[in-house]
Undergrad: 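Sending over a structure as structure tokens; questions will come in a sec.
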Amino acid sequence: MSTPSMIRRGLLATASALALAGLMTPIAQAQTKLPLRISTPAVADDWHAKMWTVFKDSLEKSAPGEFDVQINLNASLFKQGTEPAAMARGNLELSSISAFDIAKLVPEFSIFTAGYVVQDPQQQQKIFNGPIGQELFKTVSEKMDVTVLSTIYLGTRQVNLREVRNVRTPADLKGVKLRMPGSKEWLFLGEALGATATPLAFGEVYLGLKSGTIDGQDNPLPSVRSAKFYEVTKQIVLTNHLVDGIFLAIANKTWNALTPAQKQKVQTAATAAALFNNENRIKEEGQIIDFFKQQGLTVTTPDQAAFRTHVQQVYLNSEYAKVWPKGLVERINAVK
Ligand code: KDO
């Protein structure tokens, strides 16, 4: 009579015989693929949504069958701004997180939420790919349990209004209900611009503009196009107030479990994604004004120096500046 352990041994022997014969290969491979869940509020037509396909394609080429890359757009998996917590809890592997999200846990990072600090996308890349980035990302890893793999240029933020208004200086935005993403760091930026900042998730902005619950919003112009905000607004005010970046990050739990070869492949994919986004976005920003004009929008240039002076003063006199490491503003300014 066969005992249960004999039966188990028999089954195991059959299973390994099948595996050896190659019959179980597809199932076995599917089971060992490491899930890489991605969550982003980006809309499909935006470069920082498309970059995730570049990331996925790169990994499928360099590591076929090793990863199961799952891209979730439009904040369909996690609400905008909740991604870092989801990553720390082990519910999400990758995301692109904003300086504003980082600043909540790494207060000195608020320097990158301040208007008119970073000058242009090229300087942004040099800052974050150089010693300043290295130092800050080490703290980010320690405090947030995520590893930043690349810096994504989100674009230069501009003010976008529902009705045409004569905006020369921050005083001209007085009383304007300007939508900002929902955290106090974002609201502070809106107020620093002279407006009345009001919180709303990205996915609700289109309807907010359409219905008039908000008077305007701020975003880089490629996002104004891809999210179709131009359909429900009449003016773009070229304030150039924030050279914005988001950070392609992976949960440390996931990162630390990878082999050195896998780490290299994931890093290469993240670098390729950033490059794809950055090149396309910079190019689009260079050509996009005509598009808005064709759509009937009024595009105006305010007194940018007045905005810069005001916004910088507001930040320098704020609680935020008190935690900026001594000399960091100067070090950033010295990056050319
Ligand atoms: C936005 O909500 O205005 C913002 O631009 C903030 C960014 O940090 C980022 O979350 C972005 O939205 C989304 O990825 C949608 O483009």
Side-chain angles (χ1 to χ4, degrees), residues 38-53 55 71-87 92 94-105 109-110 112-115 118 121 124 128 146 148 150-161 177-190 193 195 197-209 214-230 232-233 236 239-249 273-274 277-278 280-281 284-285 288:
I38 295 159
S39 183
T40 169
V43 296
D45 199 25
D46 207 325
W47 300 112
H48 70 301
K50 294 181 184 169
M51 76 171 184
W52 286 112
T53 303
F55 176 84
I71 305 171
N72 299 281
L73 306 178
N74 303 308
S76 57
L77 194 57
F78 287 100
K79 276 199 210 151
Q80 182 180 30
T82 64
E83 303 91 348
M87 288 162 85
L92 182 69
L94 285 130
S95 188
S96 51
I97 56 183
S98 74
F100 296 77
D101 295 333
I102 297 177
K104 286 184 204 161
L105 290 157
F109 216 87
S110 66
F112 298 110
T113 69
V118 178
Q124 180 191 58
F128 290 111
V146 303
V148 173
S150 57
T151 299
I152 314 298
Y153 172 54
L154 189 67
T156 300
R157 297 184 85 91
Q158 317 288 358
V159 169
N160 175 212
L161 299 175
K177 265 191 172 180
L178 188 70
R179 171 273 168 180
M180 303 298 290
S183 76
K184 73 174 179 25
E185 290 78 10
W186 278 110
L187 295 175
F188 192 86
L189 176 62
L193 288 167
T198 170
L200 201 63
F202 186 80
E204 291 163 36
V205 175
Y206 185 95
L207 272 183
L209 290 167
I214 49 174
D215 300 323
Q217 64 93 28
D218 87 307
N219 249 297
L221 297 183
S223 301
V224 174
R225 180 195 56 75
S226 58
K228 302 199 184 326
F229 296 152
Y230 64 86
V232 283
T233 54
I236 284 165
T239 45
N240 280 349
H241 58 271
L242 183 72
V243 175
D244 203 1
I246 47 176
F247 302 90
L248 195 161
N277 168 86
N278 298 354
N280 282 299
R281 194 175 294 276
E284 188 181 359
E285 280 191 325
I288 203 169

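Just follow the structure's listing: the first ligand is 1, and inside any ligand the first atom is 1.
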Undergrad: So is Trp186 close enough to ligand 1, meaning a heavy atom under 4.0 angstrom away?
TA: yes
Undergrad: May I ask you to decide whether Arg281 forms a salt bridge with Asp46, counting only side-chain N to carboxylate O separations under 4.0 Å?
TA: yes
Undergrad: Looking at Tyr153, is its backbone amide N or carbonyl O close enough to the side chain of Asn277 to form a donor-acceptor pair, meaning the two atoms are under 3.5 Å apart?
TA: yes
Undergrad: Nearest protein heavy-atom contact for atom 9 (C) of ligand 1: which residue, which atom, what distance?
TA: Gln80 NE2, 3.9 Å
Undergrad: Return the orientation label for the Phe229 and Tyr206 ring planes: parallel under 30°, perpendicular over 60°, tilted otherwise.
TA: tilted
Undergrad: Report yes if some N/O of Asp244 lies less than 3.5 Å from some N/O of ligand 1; otherwise report no.
TA: no
Undergrad: Tell me: protein heavy atom nearest atom 8 (O) of ligand 1, and distance?
TA: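 The closest heavy atom on the protein side is Ser98 CB, 3.4 Å.
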Undergrad: When you compare the side chains of Thr233 and Asn160, does any donor N or O come within less than 3.5 Å of an acceptor on the partner?
TA: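 Yes, because at least one side-chain N or O of Thr233 sits under 3.5 Å from a partner of the opposite role on Asn160.
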Undergrad: With respect to Arg157, determine whether any N or O atom, backbone or side chain, lies less than 3.5 Å from an N or O atom of ligand 1.
TA: yes
Undergrad: Would you say Gln217 touches ligand 1, if touching means a heavy atom closer than 4.0 Å?
TA: no
Undergrad: Decide yes or no on side-chain hydrogen bond (donor to acceptor under 3.5 Å, both in side chains) for Gln158 and Asn219, but give the supporting numbers first.
TA: CA-CA 6 Å; Gln158 317 288 358; Asn219 249 297; over 6 Å; no
Undergrad: Under 4.0 Å from ligand 1, counting heavy atoms only, is it the side chain of Arg179, its backbone, both or neither?
TA: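 For Arg179, only side-chain atoms sit under 4.0 Å from ligand 1.
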